[in-house]
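First the structure, in the form of structure tokens, and then the observations on it.
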Amino acid sequence: MARIRVRVEGVVQGVGFRPFVYGVASRLGLAGFVGNDGRGVVIEAEGEAAALDCLVDALSTQAPPLARVERVTVEPAAVTGLAGFTISASDSSGSRTVLVAPDTATCVDCLTEMADPGDRRHAYAFTNCTNCGPRYTIVRELPYDRPGTTMAAFVLCEPCEREYRDPLDRRFHAQPVCCPDCGPRLRLVSADSALMAGDPVSGAAGLLAEGAIVAIKGLGGYHLAVAASNEEAVSNLRSRKHREERPLALMVPDIEAARRLCVIDDVEEALLLDIARPIVLLERRSDAGIAASVAPGQRGLGVMLPYSPLHYLLATAHPDPLVMTSGNLSSEPIAYRDDDALNRLAGIADAFLIHDRAIHTRVDDSVLRASRGGPLPIRRSRGFAPAPLTLPWEFPRHVLACGPELKNTFCLARGRHAFVSHHIGDLENHETLQSFTEGIEHFRRLFSVAPEVVVHDLHPEYLSTKYALECDAELLGVQHHHAHIASCLADNEVADPVIGVAFDGLGMGTDGTLWGGEFLVADLAGFTRAAHLAPVAMPGAARAVREPWRMAAAYLDAVFGLQWPDAPTLKAFRARHETRLDQVLSMARAGLNSPLTSSAGRLFDAVAALAGVRDTVSYEGQAAIEFEQLADRSEPGRYGARIESSSGLVHGSDLVAAALADLDAGVAVPVVAARFHNGLAAVVVEVCERLRRDTGLAAVALSGGVFQNVLLVERCVAGLEAAGFRVLTHRRVPPNDGGISLGQAAVCGARDRLSC
Ligand code: ZN
Ligand code: ZN
Ligand code: FE
């Protein structure tokens with residue numbers, strides 16, 4: 001007979017961990033108790049040594065679906081001889097290091113209840129249990145208990161209270177538990193806020209079938225929904241929302257419906273069915289029957305499956321695909337407060353399907369692609385945040401990393417945990433900046449982080465940099481592309497030095513020019529810039545991002561100087577830009593409002609514009625995204641570029657010249673696009689081989705927004721692996737600027753470890 005005291009840390013509260021321990025201990029005939037405290041779950045168990053071993057083993061191998069066990073510590077305790085096993089009440093004392101779980105898709109048990117006409121939760125839109133439902137979006141404060149959530153206002157009825165108190169019930173201590181008698185209710189209201197009669201879900205489904213736009217309150221904010229096959233309704237939504245040409249996401253009832261729209265392999269199926277229920281970018285079928293304006297110029301579609309009970313009810317009432325795009329005007333963050341949503345969306349939505357459970361934190365849908373047999377995150381948000389990344393290294397000090405300007409996330413770190421925030425967005429308006437500052441405060445309280453050092457980008461105009469400079473703490477500036485590579489290293493838990501290839505739109509360099517086509521020799525703590533694309537002018541600065549043809553002009557200038565040959569492609573290009581071309585060229589040559597950049601993203605823009613894909617874009621990277629999609633994947637040819645061994649300069653203009661020659665020779669654009677991708681990948685391999693000869697390093701990390709381009713990733717990985725490199729790509733945070741905050745925190749932690 002022995003007694004042990006066991007501590008379990010990780011995501012172990014609000015996920016059914018205590019009932020699980022109770023069940024295992026009872027089956028094993030053990031005595032003792034299980035309870036929560038500020039650090040996780042505590043167990044004392046008494047019985048035969050073999051049974052105690054079984055219990056400890058089960059903690060990590062049989063934990064409930066939403067639990068994430070990070071550490072189990074066992075120590076001996078004095079035998080008491082008391083019989084029976086109990087669950088003790090929550091203890092809110094002690095330090096707050098409990099982890100709040102992300103929001104999770106409705107589980108099968110709850111769906112079964114909702115489908116059962118005899119169940120008291122039949123067709124109830126707020127059904128949830130310990131294994132599913134809202135978490136992070138409703139948490140106001142810790143401990144994670146009902147009074148600390150936006151469910152505090154709903155008083156449990158007797159049957160719900162019984163379930164909540166019963167250790168053997170699936171809803172034991174499920175904080176959002178409720179039923180039609182005691183929980184939130186749905187309403188359908190018109191654009192002028194009048195309550196509409198009848199069942200809200202079938203009412204909304206009826207309106208959608210007629211082509212109406214319905215705003216729907218989801219887990220992390222409002223969606224705007226419209227029937228995806230109805231061209232008129234979708235273009236109506238686009239024009240009311242001012243959402244230029246960005247693709248709109250779709251929701252379909254189940255995986256079979258998703259297969260009717262897109263080609264889906266095993267990896268993509270697993271991503272769609274993940275309990276986080278992200279939007280997955282898939283290749284569309286030619287017979288998908290989706291309105292053209294859902295994703296203009298795109299070969300793919302962003303698809304997700306229902307994740308809240310309300311979505312399931314709606315998908316049953318309206319089984320055809322729905323556009324489900326975030327409820328906002330294009331530049332604003334997603335609406336999540338009811339009064340605000342009714343106000344801001346009144347000019348867009350014809351009706352509102354709403355309810356009275358408040359959303360505490362605005363959280364957008366996550367977006368993934370499949371790559372290299374697993375996920376490639378594009379946006380890490382709902383369903384993933386705020387689960388921390390647990391790293392194999394300690395952060396000696398508490399860190400706040402403020403992240404970039406666009407696609408902002410921030411990151412708080414302490415111990416071995418890096419808490420990367422949900423997607424905040426582009427810090428370019430008051431509302432987004434407010435969710436940034438409020439989000440940081442919320443995270444600081446939830447995860448008990450008191451930043452001793454604040455990390456920022458080197459770009460002085462980023463609002464996140466300005467926020468950092470006003471913090472009353474030690475400051476650390478981290479170069480943008482070093483942060484990209486560090487985020488990839490942290491993502492892969494690699495601390496050794498690597499060759500880092502950081503290709504993105506723009507980031508401030510240490511020399512005051514804008515970088516973005518960088519080969520770094522880097523580890524977490526530092527880097528040297530070993531090679532990079534030869535800089536060209538960005539005529540008009542920010543305008544050159546919105547007007548890729550300006551980058552084509554700048555690259556043509558680099559290729560030909562003052563003497564442009566008399567070639568058909570150039571004639572066509574001149575004809576399109578007659579009025580402004582000379583002005584733009586003289587601006588670039590004089591260096592007026594034309595900062596230099598080594599950006600790979602801008603190189604993509606230049607070739608795409610030259611190939612006639614598009615001269616202007618309505619969102620950053622649009623030309624490059626479309627260029628990738630139309631590339632002929634069976635084309636093996638590639639362009640070459642000179643690499644200067646002394647300076648490490650890579651002449652991207654050679655790729656432009658080669659593309660131009662092909663276009664003049666009448667080679668089809670998809671072939672040109674493929675040869676450009678293949679050529680750039682070959683350049684990456686060649687530069688890495690040179691750097692391996694110089695440094696002995698045989699691992700390459702690929703990061704930066706350009707590596708959202710799956711074709712480029714595949715070609716680079718294939719070439720690098722064939723050359724004997726180990727290649728690191730992103731799995732947990734995005735390669736784009738959404739991963740910058742993690743990289744900033746990782747750099748800070750590594751420097752702190754060196755100095756102590
Ligand atoms: Zn459930
Ligand atoms: Zn109830
Ligand atoms: Fe970047």
Side-chain angles (χ1 to χ4, degrees), residues 14-16 19 64-66 101 103-115 119-121 124 126-135 146 151 154-165 169-172 174-185 275 307-309 312 403-409 426 457-459 462 464 478-488 500-509 514-518 520 545 597-602 620-621 624 702-708 730 733-744:
V15 294
L66 300 193
D103 305 274
T104 307
T106 310
C107 74
V108 174
D109 290 336
C110 285
L111 288 176
T112 309
E113 288 175 346
M114 286 170 59
D119 194 279
R120 66 193 193 91
R121 291 190 178 84
Y124 182 51
F126 304 91
T127 306
N128 67 82
C129 73
T130 358
N131 300 325
C132 75
R135 293 290 185 277
R146 191 148 171 130
M151 286 299 289
F154 300 94
V155 180
L156 290 169
C157 69
E158 234 188 85
C160 284
E161 176 92 33
R162 264 202 307 278
E163 293 169 328
Y164 183 83
R165 301 268 167 234
D169 194 275
R170 200 172 93 248
R171 296 197 163 87
F172 177 68
Q175 304 309 338
V177 69
C178 58
C179 75
D181 288 334
C182 67
R185 288 178 193 187
I275 54 171
Y307 53 84
S308 79
Y312 279 102
E405 171 95 341
L406 300 178
K407 298 189 171 76
N408 178 276
T409 62
D426 299 346
D457 194 273
L458 298 184
H459 201 304
Y462 283 2
S464 52
V478 171
Q479 200 277 326
H480 189 90
H481 302 93
H482 182 213
H484 271 308
I485 297 307
S487 80
C488 188
V501 185
F503 281 4
D504 70 353
L506 298 167
M508 181 58 74
L514 295 167
W515 295 4
E518 311 306 310
L520 310 180
V545 178
T597 184
S598 54
S599 163
R602 299 290 84 80
E620 210 236 337
L702 303 178
S703 192
V706 168
F707 287 111
Q708 294 172 96
H730 285 267
V733 297
N736 63 43
D737 281 8
I740 285 285
S741 64
L742 173 67
Q744 291 176 336

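Each ligand, and each atom within it, is numbered from 1 in the order the structure gives. Nothing fancy with the numbering, it's 1 onward along the sequence.
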Checklist entry - Could you go step by step and tell me if H480 and D737 meet the side-chain contact (heavy atoms from CB on, under 4.5 Å) rule? => result CA-CA 9 Å; H480 189 90; D737 281 8; 3.1 Å; yes

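T597 places a side-chain heavy atom less than 4.5 Å from the side chain of L506.
The angle that C157 SG and C179 SG make at the Zn ion (ligand 2), rounded to 10°, works out to 100°. Take the Zn ion (ligand 2) as the corner point: the lines to SG of C182 and to SG of C160 open at 110°, to the nearest 10 degrees. The angle D737:OD1 - the Fe ion (ligand 3) - H480:NE2 amounts to 100°, with values rounded to 10 degrees. With the Zn ion (ligand 1) as vertex, C110 SG and C107 SG subtend 110°, rounded to 10°.
A salt bridge (Lys or Arg N to Asp or Glu O under 4.0 Å) with R120 holds for exactly one of E163, E158, E113; it is E163.
Formation of a donor-acceptor pair under 3.5 Å by the R135 side chain with backbone atoms of C132 is found in this model.
Minimum interatomic distance between R185 and P180 (heavy atoms only, all atoms of both residues): NH2-O, 3.3 Å. Nearest heavy atoms, N128 versus P134: CB-CD, 4.4 Å.
For D504, the N, O or S atom closest to the Fe ion (ligand 3) goes by the atom name OD2.
For residue H481, no N/O/S atom approaches the Fe ion (ligand 3) to within less than 2.8 Å. Among the backbone and side-chain atoms of C178, no N/O/S atom is found under 2.8 Å from the Zn ion (ligand 2).
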